[in-house]
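Taking it in order: structure first as structure tokens, then the write-up.
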Protein chains: 2
Amino acid sequence: MQYQQFKHCGLNVALNMLSGKWKPIILYHLFHQQEMRFTELWRIIPKVAKKVLLEHLKQMEAHELIIREEKHTFPPEVYYRLSERGKALGPALSALELWANEYAADEVTELKQRKKVTA
Amino acid sequence: MQYQQFKHCGLNVALNMLSGKWKPIILYHLFHQQEMRFTELWRIIPKVAKKVLLEHLKQMEAHELIIREEKHTFPPEVYYRLSERGKALGPALSALELWANEYAADEVTELKQRKKVTA
DNA sequence: TGAACAGGTTACCAAAAGGTAAACTTCTTT
DNA sequence: AAAGAAGTTTACCTTTTGGTAACCTGTTCA
């Protein structure tokens, strides 16, 4: 067997930073759109509570995955975008996505259908 | 930017299957040792409660990441090993590990030190 | 007879994660 | 003066996750 080159320390650190119900979607959008405003994210993500979205963004900022930029215009505008550290996650996230589609395709399509039904 | 080839559905499925306090360690040991008995895992992982370890193993079995094999000897022996789906996670886990060591090295070493101190 | 062992269950509890709804701030627009 | 907008905070509640400790099952061995 190859691919045994992981220890659980690094893995734990990475998974901790990714754990949170809405973080995959947040990352997804930031990877595809460069930068987004708070309300834009809030509107685009199905049913997050403002408070929860904010908590997630704060955590991700604390983990230095994203960068928060506040423009002191009025009404204030706050932009979020990926940091270098965040961008560097790309390959790993692609690898997970690839695995899900190759080896857990049933669960993926199941999830998509559940979303169609409920949304 | 490259590496944008992920949607959040597959990513969600993958991260859900990996979420659980002790799953990284469990995977780590199964990747390195082929198969392990329940008690062996229980003893090797610092401070898991039997109940919790069992819950994690059951979830992973339900997700078809691992395979449970019971031998009806006495005292009974139960072996856990990776399924094909589980083994296929290797590259993605390596990628996460790699990322953690390259881009979040400080958190990784911090975690290692905390373990030394408390264990 | 009864302790010991491996794997598992039960009842019960504490902490963390996620959610709802309302209010606050600071300015602009009407 | 009143209403509105963007981002944030507060108080409160429910669900999920992780944890403790005792107990059960069958067989082997002293």
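Since the structure is predicted, the reported quantities are computational estimates derived from the model, not experimental observations. Throughout, a chain's letter reflects where its sequence line sits, starting with A, and its residues are numbered from 1.
- Between A:Leu53 and A:Val48, the closest heavy-atom pair is N-CG1, 3.9 Å.
- Between A:Lys58 atom NZ and D:dG7 atom P there is a gap of 14 Å when expressed in whole angstrom units.
- If you measure from atom CG of B:Leu57 to atom C1' of C:dA6, you get 14 Å, rounded to the nearest angstrom.
- Atoms CG (A:Leu54) and C1' (D:dT10) sit 13 Å apart, rounded to a whole Å.
- Across all strands, B:Tyr80 comes closer than 4.0 Å only to sugar-phosphate atoms, never to a base (heavy-atom distances).
- Computed from coordinates, the A:Leu53 CG to D:dT9 P distance equals 13 Å when rounded to whole Å.
- When rounded to the nearest whole Å, the span between CG of B:Leu41 and P of C:dA6 equals 14 Å.
- Taking the six-membered ring for Trp and thresholds of 30 and 60 degrees, B:Tyr103 and B:Trp99 have nearly parallel ring planes, at less than 30 degrees apart.
- The residue A:Glu70 sits apart from the nucleic acid: no heavy atom pair falls under 4.0 Å.
- Counting only residues at least two apart or on different chains, the salt bridge (Lys or Arg N to Asp or Glu O under 4.0 Å) pairs with a member in residues 53-62 of chain A are A:Lys51-A:Glu55.
- Distance, A:His72 NE2 to D:dG7 P: 13 Å, rounded to whole Å.
- The CG atom of B:Leu15 sits 10.5 Å away from the CD atom of A:Glu97 when rounded to the nearest 0.5 Å.
- Remark: C1' of D:dG7 and CZ of A:Arg43 are 12 Å apart, rounded to the nearest angstrom.
- A:Arg37 has a side-chain polar atom (N or O) that falls below the 4.0 Å cut-off from OP1 or OP2 of D:dG7.
- Cluster membership for B:Tyr79 and B:Met60, using ILVMFWY side-chain heavy atoms within less than 4.5 angstrom, is not shared.
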Give the B/S/- string for nucleotides 13-30 of chain C, one per nucleotide from 5' to 3', where a protein heavy atom under 4.0 Å of the base yields B, of only the sugar-phosphate yields S, and otherwise -.
-> -----SBB-----SSS--
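- A pairwise comparison of heavy atoms in B:Lys21 and B:His56 identifies N-CE1, 3.7 Å as the closest pair.
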